[in-house]
Amino acid sequence: MGKPDFRLPPGVKDILPEEIPKWHYLEDIIRELAELYRFREIRTPIFEMALLFQRGVGEATDIVVKEMYIFKDRGGRELALRPEGTAPVARAYVEHGLHTRPQPLKLYYVGPMFRHDRPQMGRNRQFHQFGAEIFGAPGPAADAEVIFLLAEFLRRAGVKDWELELNSVGCPVCRPQLVAALEEYLGKHASSLCPDCRQRLERNPLRVLDCKEDSCRQVVQQAPTPLDYLCSRCESHFRGVQEELCSLGVPFRLNPRLVRGLDYYTGTAFEVLSPRLGAQNALGGGGRYDYLVEECGGPSTPGVGFAVGLERVLLALEKQEDSPLPKEEVRRGVFIAAADEEGRKRQAYWLRLLRSAGLPADRDYASGRGLRAQLKQADRHRARWALILGAEELGRGMVRLRDLESGEQVDLPETEVIAWLRQKETGGS
Ligand code: AMP
């Protein structure tokens with residue numbers, strides 16, 4: 001038997017310490033914006049009953065049929081790693097009776113999602129989404145609010161050249177006529193459709209509209225689209241969303257063939273695309289889902305939301321010449337080095353003192369290492385300062401501070417060190 005192979009399977013990745021500053025960069029923006037827009041965070045488990053997605057996202061969707069990680073627990077329950085965040089939030093909304101709280105309820109989440117898709121650039125099997133949902137607000141202003149939040153997130157993150165595409169996919173009143181017309185039209189052209197779309201024709205003809213295969217694109221150019229069939233309520237709602245977006249200054253483009261890969265959408269559907277991303281060019285998307293809460297066993301409650309893929313946002317930012325992402329780890333904190341035995345005895349004291357003053361501090365754990373080796377370690381660990389403790393200076397109530405960037409040194413009275421470092425940290429000279 002060979003050695004067991006513990007490496008991660010394709011499409012799942014570790015995020016290593018040096019990549020963490022990029023993630024914190026996005027996460028900080030998300031938290032600040034959510035606070036500003038008055039969305040509250042919700043954290044749901046990473047797995048749910050599989051049925052939630054089968055019913056909520058749709059039994060005939062690619063996400064559920066082809067991409068869901070399903071497993072049985074020891075109690076025989078069929079569970080699924082969550083492939084998306086909206087159905088879990090709607091489930092939590094129902095399970096905890098959140099409809100009894102003041103409405104509308106504005107929630108957001110950040111976390112990993114799982115889809116067993118073919119891994120490629122921009123497509124992972126575990127990826128992270130930031131999503132926001134508004135429950136209990138039926139009017140177009142709520143649609144515009146979530147789109148505004150998504151647009152502002154991308155703007156603050158520094159993403160350039162994104163495009164917002166907008167459509168309405170109709171509601172249970174108007175969709176049956178559209179589906180009938182589509183079935184009739186596509187039925188006549190079935191032989192020109194790709195094998196996937198021939199199946200979609202049976203189960204979900206709307207999805208044929210945004211197939212990326214050339215042959216299907218040709219066919220759908222003349223196909224009926226949702227906008228041709230909107231009922232008067234959907235039409236006036238959709239007009240309202242466009243007016244709100246204009247007032248908010250969010251540019252958009254109508255795409256009558258935009259349909260989303262999840263069945264719960266009704267009315268507004270949107271997607272944000274980046275021309276820098278190649279084949280997987282969607283940064284995020286969302287729409288209205290006025291029947292999902294009911295589907296999850298709750299009272300009739302309108303909902304609207306979006307999800308944006310954080311890996312794709314990072315990819316788009318990395319492709320920009322002037323990427324705003326934090327580059328290398330900045331030097332931080334104080335490394336406490338000992339020049340001799342006397343200094344070593346004082347290391348613990350200084351470690352505690354600096355940390356309790358709110359100054360990041362670290363030390364060498366090996367006993368008896370020479371000062372040069374310790375300073376080298378301080379530099380490698382990207383400390384900003386080295387605090388050098390030695391018998392001679394300590395005898396005079398002094399310590400030595402070395403600036404690890406410039407190599408300059410100063411001797412300071414022990415009592416002045418904290419104030420001196422604090423002033424340097426806050427940008428004083
Ligand atoms: P969806 O709800 O499927 O439109 O997903 C929303 C966003 O999540 C997409 O626009 C992508 O940015 C991101 N996303 C979806 N699937 C993946 C994946 N397999 N890998 C990385 N990001 C993804």
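The basis for the numbers below is simple: all heavy atoms, side chains too, and nothing from hydrogens, waters or symmetry mates. Indexing begins at 1, ligand by ligand and atom by atom, following the structure's order.
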For the ring pair Y109 and F130, is the centre-to-centre distance below 6.0 Å?
no
Is it true that atom CZ of R233 has more than 12 heavy atoms of other residues, nucleotides or ligands lying nearer than 6.0 Å?
no
More than 12 non-hydrogen atoms from neighbouring residues, nucleotides or ligands closer than 6.0 Å to CD on E213, yes or no?
no
Side-chain donor-acceptor pairs of residues 251-260 under 3.5 Å, sequence neighbours excluded:
unit_1	atom_1	unit_2	atom_2	d
R253	NH2	E163	OE1	3.4
R253	NH2	E165	OE2	2.6
N255	OD1	R257	N	2.9
N255	OD1	L258	N	3.4
N255	ND2	E165	OE1	2.8
R260	NH1	E271	OE2	2.7

For A132, all residues meeting side chain to side chain contact (heavy atoms under 4.5 Å, CB included), sequence neighbours excluded:
F39, Y108, L149, F306
For R200, side-chain hydrogen bond (donor to acceptor under 3.5 Å, both in side chains) partners two or more places apart
D62
Contact residues of ligand 1, where a non-hydrogen atom lies under 4.0 Å away
R115, G122, R123, N124, F127, Q129, R260, L262, A282, L283, G284, A307, G309, R312
